[in-house]
Structures are given as structure tokens and as C-alpha cells.
Amino acid sequence: MKKFFVVLLSALASLCANAQMEGGEIGEVTVSGRRVVEKRDGKWFYPTEEELGSSPNGYSLLQKIALPGVRVDAINRNITSIDNRGDIGIRINDMPATVQDLLSLDMNSVTRIEYIDRPGIRYGENVAYVINIVTKRAVSGYVLGLEHYCDLVLSNISDNVFARKNIRKSEFGASYTFGYGDLSGARMKETADYVLNDGTVKSITREDLENRNRRASHDAQLVYSISDTSYVLQTRLSYSSVNGRNYKERTLDYGIIPVKKLSVNGTHYSAFDIYFHRDFMRHQSLTASVAVTNIDSNGEECHDEGLPYKYNIDGRVWSLKSEAVYENELKPFTLDIGMQYNQKLTDNRYFGDVSARSLFRTSEQYLYGQINGSLARLQYTVGIGASSRYYRQGDYSNRHFVLRPKLDVAYPLSEVWRLNYTFDCKQRMSNIAVINDVAVRTNSMEMTVGNPDLKPNRVLEHTLRLTMTKPRLTAMLEGYAKISPNANLRRTIRTAENIFIDTQVNQPHCNLLVGTAYARYDIIPHKLTASLSGQIFNCDNKGCDYRHRYTSLVGVAAMNAYLGKWTLTAYADTGFRWMEGETQGRNGANIQLVAGYQTGPLMLSLSCSNPFRAHPMTHRAEQMNANLHKITTLRDADEGNYVSLNVSLKLQRGRKYRDIRRSMNLSDRDAGILK
């Protein structure tokens, strides 16, 4: 790993020295050829014809762009942040996009990729990066598309079909996606040492003998929109269902005791969205959107470790999300004022050995204002948001009032160098936080219990970034500090009956320091590109009765070659490594190789993940509690030597385009079920 970072830093220095010989022009740091434009809150990437022509869908395109801090898994259709700093907002024309939107993306309409690595207060509190794909709107013709993905070794397929028809100001669209998987290669091994009340240690080893996971999904959506030069109105009706069955056979203490575990679940989502945007005179605009979502869940969980344990789940969720934004482009600055109103009702019932009803209501009202402009060469964004959040479940209720200030300033040091500082203050609830009052038995020694008294914690973020932008080179050095006092962290509590309760409580702090180096270089313009990034993490966790520190390194490398009708892509990363509270974790290293071929409207791509690795480790977690030390390792043969084929066909006729502003989707996907 040390050698990797030595090579990375040497390459950065060499590339920066060579780049000084190239010409460039700065206005908003615009490079020749307009491939990359530095903006106040990030960068605009203009895809080349080779990148667009060789991409069957939006995931493939974003993987080729190689955005800093972002990991795009085009095979599994997943986009995450490499550093786990927060969520990634994927948008098309400035509003959230679905998987179907990315699969049916018309490459002929794509104009640029807006990469926002300093998102404003409008985007939410746990959003680290925003990727906005800007497209032109078709005003005539139609397009029909089919994409088939299949695993050549395992039972894993996905099919997507879509159609769009444009008649003057109107567009009609429909899409359907079917997915099926039957996988059995994952194996988990867990060693746990329980310190009992009398001081003795009880050690248990749990190891999978069989782990079969079957899953079938259906996604369908209908879209209608009408637009003119000054307005856009779009509606969407969507439905999706996911049904899964997971069966495990385990042994305790190396085969002495057999254990079986069964999990059956089904979730059905339905949503209706409506979006409206209108431009007014004097550079003013108004945008409004509303999304109504219903989620129905049912399931069965059972295992026989110790004593037979079984319960059923029947859940309902209703949610309303709405937003309105007013924008005025004044001469000295641009003013944004917005408001959000959200309501959510969750009613989950547990029957059997877990007999409980989790009925809780949450609501949020959020008002924010933001201005951005320039003072001489200094560019700035200043904003503040205020939210009132209400939560109630049974006898538990609380209300939080939150102020969220944000400051971002950028200064161009020269034609190619740019210095930026960002400060952000927000509140955050842990991704794994459970705020209901349900208790679920996970095995003979442990239980998971919700904590209705858990409160969001304040997070202070400081980011200092130095960027360099040239026609063939984009490079960045960044320092990031996150200070999280009173953080909600995982805690293990031992009861008098020697049962270990896994819950979350507010504890002193969970702080993070990150150093990042990134470079993307066009080795041969339009033919060969490469990117490298490296990060060093320092995690500082202080709990009620512990203090843990951890330092880790992460590296990512990618390369794309465009050889006429052929496209070759290679990607590798070391896997993310972190420590939060008393849990130290790491994801396994990942390698992907993709060969693509295009002829007319037909695209074929053959992908391979983790070659020459039969049983790669995909995840490892170590829990370092004073009374419970546990190491969990997951190896997945399905992820090793994984070979898949993707076939994409798009037929279109009579397509003409003009600029469009946005699309939309605000639907909720959180069923709120404790497992």
C-alpha cells in the first residue's frame, strides 16, 4: 500500500509538471476543448463522443468519467461514495433519477455532467456529492430500447425495456425492469467471545454451511410531460416489488450444533410524482414538486439457535415529500429561497415471538435561503437553513429545531490552480439508527433493540481543496475534517440474564480526518484515459466507556481505452476501511474488467469481476466491546471470477432536441423495518 501512494504522488507531480507546458484559459476556469469547466460548487464534465458512443446506459457513462470520490459499479448498477462521507444524489436535469432513468438515458441528448462536490443546503443534510446529468429534450420522434444483462455462470439476470414518444410539446414514456437472482456462494464466519456477569468467557463460532439467496423484482413506470420555452410539467406513476427468500444452515462451535435460519420478505412500492417549473421575466423562476409514496411490507423470520424463534412482519408506510424553490438571478448575486414539507407515517406490526406494534409519525418543515456571487476574483456561496422536526411513537415524542449555516469560498490562484474552502454545519442521524421501541432476537445470546430517545447529532465539516484543471489533466489535493459531538453510535449492553443488547445511544464524539489526492489524465486524447486516487483516514471515536483510534489507506485506479468500435475498461480499488464507535470494518478489494463492442444501435459488453479470485472476502467487521468481542467475515464465491454479458439495443427515428431544465422523482424507499 505504501508503494501505491509513492507511485501516486510521483505520478501527480510528474503530470502537474507536464501540464504547465499546456495552454489554458480561465474565466470560470474553462479549459480548451471545454471538456472540464470549474464551477463555484464543483465541475462540469463534457463527455467526448467516444465516451457517449461506447456507453449503453448512464452507469457506464459515469464510470468512464471517473469522478473523484465516487465509485460507480456499472455491473451491479450501484453508485456510492468511496470515502463513505455521505449519500450520492443522482439527478437528471437537476432532480433525483431512478435506476430506470439511468438505464434508459438517451446518450444523444446528453450535453454535460455536473459534478457537485460542495452541494448547497438545498440538497439535504447527508448528501456528500451530487451528479446531475444535463440533457436536451426531444421534441419529435420516438425511441425504443432493450437491455439484457445475464450472468454467464450463475442464475442472475436483469431485463429492461423502455419506450418514449414525443409529439410537439408532449412526451409519453414507459419502462419495465425485471430482475431475478438465485445465488448461493456467500459464506459467513463469526467468532464471538461473550464476557458473562460472573467473569467467565463464553466463546461461540458460527459458520455457514449453506446460504441460498433468491430474489425477484419488478419495476414499472409511466411518465407524461409537457413543456414549452418557459415551463415544464411532468408527472410519473411508478410501481415496484421485491420478493426474496434467504435460507441458511450454520454450525455452532465447529459442527457440534446445527442451526437453520430462514428469512422471507416482500416489499411493494407505489408512488406518484408531479413536478412543475416556470420561468418568469427578469431572470426569475419557480420550481415545485410533490411526491406521494406507499410501501407495503410483509415477511417471516425464524431461526433455531438455542430455542426455536419465529416472528412475522406486516408493515405499511405512507409518506409525502414536497418542495418549492424560488430563484432570482440578480446582478450582484443569485438568490435562492426554498421550502420543504415532509410527512411520514410508519405502521409496522410484529407477530409471534416478537409481539409489538411500531407506529410512529415523523414530520419536517425546512426553510432555507442562499446567495452566491463574486467579489473581484473571489467566488462565494452563503446560505442558512432552518428545520423543525417532529417525531412521535406511543409515549415518546420530541421536536428538534435545527439551524444549518453554510459557507463556501473559492479563489483562482492562476489560470490552472484554484483554492476552495467549505464550512458546513448540519444534523445527522446514523444510517443504521433504529428509533422504534421494538426488540428482536438475533441469536441465542444477542438482541437488537431500538431507542426512541435517540437524537440527531450536530456535525461540523471543514474542507480545504486545491484543484488543477488543464485540457488533459484534472488533479486535486484535499483535506477534510468532520467533528461530530454527541454522535449516535452503536452500544452493547449486558443484562443480568447474560443477554447482550445491541442498540444505539448518543455518545461523546465520532471525529474523522481525511486526506485525498486525485488525478485524471488523458494519456492519448480521445483514445486512452487513466485516473488514480488515494486517501488516508484517521478515525477518532469516544464512547461512554471507551476511546478508539484507527488509521487506514484506500486506493483507486481506473483506465479506459477507445479502439474504434471496441472499448476496454479496467477498474480496481482496495476497499473502504473505517471505524465507527466500537466497530472496525473493511470492504474487500474489487477488480472489474469490461470489454465493449458497438455496431450501429447494438452494444455488447463482456464484464469480469475479481478474476483469479475464487472466494474473495467482501466484508470484515470487528466489534471491540469490553464485554463482547466479535469478528465477522463474509466471503462470496459468487463475486469471484464473475463473468456477465450485457446486450443493449436502442432504435430511434425522427428525434430532434432542444434544451430542457429538469426532470423529477422524490419517492420514498424506507420501509422502517427492524431486523
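- Counting only residues at least two apart or in different chains, salt bridge (Lys or Arg N to Asp or Glu O under 4.0 Å) contacts with residues 608-625 comprise Arg620-Glu622.
- Considering only heavy atoms from C-beta on, Glu300 comes within 4.5 Å of Lys310 through its side chain.
- No more than 12 heavy atoms of other residues, nucleotides or ligands shown are found within 6.0 angstrom of OH on Tyr396.
- A salt bridge is defined here as a Lys NZ or Arg NE, NH1 or NH2 lying under 4.0 Å from an Asp or Glu carboxylate O, and Asp208 with Arg250 meets this definition.
- Taking the side chain as every heavy atom from C-beta outward, Met617 and Thr633 approach each other to under 4.5 Å.
- At least one donor-acceptor pair under 3.5 Å links the side chain of Asn641 to the backbone N or O of Phe612.
- With Ser607 contributing its side chain and Ile75 its backbone, the two residues share no donor-acceptor pair below 3.5 Å.
- A salt bridge links Arg316 to Asp314: at least one charged side-chain nitrogen sits closer than 4.0 Å to a carboxylate oxygen.
- Between Phe576 and Phe537, the two ring planes are perpendicular [angle over 60°; tilted spans 30° to 60°].
- For the residue pair Arg212 and Asn246, no side-chain donor N or O sits within less than 3.5 Å of a side-chain acceptor on the partner.
- By the 6.0 Å contact criterion, NE2 on His619 is enclosed, its count of non-hydrogen atoms from other residues, nucleotides or ligands being greater than 12.
- Salt-bridge check for Arg187 with Glu210: failed, with every basic side-chain N at 4.0 Å or more from each acidic carboxylate O.
- Under 3.5 Å, the side chains of His462 and Tyr421 contain a donor-acceptor pair of N or O atoms.
- A search for salt bridge (Lys or Arg N to Asp or Glu O under 4.0 Å) contacts involving Arg214 returns nothing, not counting sequence neighbours.
- Arg357 contributes no side-chain N or O that, together with a main-chain N or O of Leu359, makes up a donor-acceptor pair within less than 3.5 Å.
- In this structure Arg349 satisfies the salt bridge (Lys or Arg N to Asp or Glu O under 4.0 Å) test together with Asp347, sequence neighbours excluded.
- A donor and an acceptor atom, one from each side chain of Asp502 and Thr448, are nowhere located under 3.5 Å apart.
- The closest side-chain donor-acceptor pair between Thr618 and Glu639, if any, does not fall under 3.5 angstrom.
- A donor-acceptor pair shorter than 3.5 Å can be found between the side chains of Glu301 and Ser263.
- A side-chain donor-acceptor contact under 3.5 Å links Tyr391 and Gln393.
- Just one of Asp540, Asn457, Asn541, Ile483 meets the side-chain contact (heavy atoms from CB on, under 4.5 Å) condition when paired with Cys510; it is Asn541.
- Using a distance-only test at 3.5 Å, with no hydrogens or angles considered, a donor-acceptor pair links the side chain of Asn451 to the main chain of Asp453.
- Between Tyr311 and Tyr309, the ring-plane angle classifies as perpendicular under the 30° and 60° cut-offs.
- Counting only distance, with no hydrogens or angles, the side chain of Asn76 and the backbone of Asn78 share no donor-acceptor pair below 3.5 Å.
- Taking the six-membered ring for Trp and the full ring otherwise, the centers of Tyr546 and His548 sit less than 6.0 Å from each other.
- Side-chain contact, Asp182 with Asn156: no donor N or O sits under 3.5 Å from an acceptor N or O.
- Looking at Val195 and Asp193, their side chains never come closer than 4.5 Å, going by heavy atoms from C-beta outward.
- Between Gln365 and Ser387, the side chains place no donor N or O within less than 3.5 Å of an acceptor N or O (distance only, hydrogens not considered).
- The main-chain N or O of His615 is found under 3.5 Å from a side-chain atom of Arg635 such that the two form a donor-acceptor pair.
- Residues Val70 and Ile131 are in side-chain contact: their nearest non-hydrogen atoms beyond the backbone lie under 4.5 Å apart.
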Can Trp578 and Asn587 be said to form a side-chain contact (heavy atoms from CB on, under 4.5 Å), step by step? CA-CA 9 Å; Trp578 76 97; Asn587 295 327; 4.0 Å; yes
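- In this structure, the side chains of Ile79 and Tyr59 come closer than 4.5 Å at one or more pairs of heavy atoms.
- Using modelled atom types, no side-chain atom of Gln535 and backbone atom of Gly515 make a donor-acceptor pair closer than 3.5 Å.
- We find that Asp117 and Arg465 are joined by a salt bridge, their nearest charged nitrogen and carboxylate oxygen being less than 4.0 Å apart.
- Between Asn511 and Lys482, the closest side-chain pair of non-hydrogen atoms is not below 4.5 Å.
- Residues Asn506 and Leu454 meet the side-chain proximity criterion, which asks for heavy atoms closer than 4.5 Å.
- Counting only distance, with no hydrogens or angles, the side chain of Asn443 and the backbone of Glu446 share a donor-acceptor pair below 3.5 Å.
- At least one side-chain heavy atom of Ile493 sits less than 4.5 Å from a side-chain heavy atom of Thr503.
- The 12-atom threshold is exceeded at CZ of Phe401, counting heavy atoms of other residues, nucleotides or ligands nearer than 6.0 Å.
- A donor-acceptor pair shorter than 3.5 Å can be found between the side chains of Asp73 and Gln592.
- In this structure, Asn610 contributes its side chain and Ile591 its backbone to a donor-acceptor pair below 3.5 Å.
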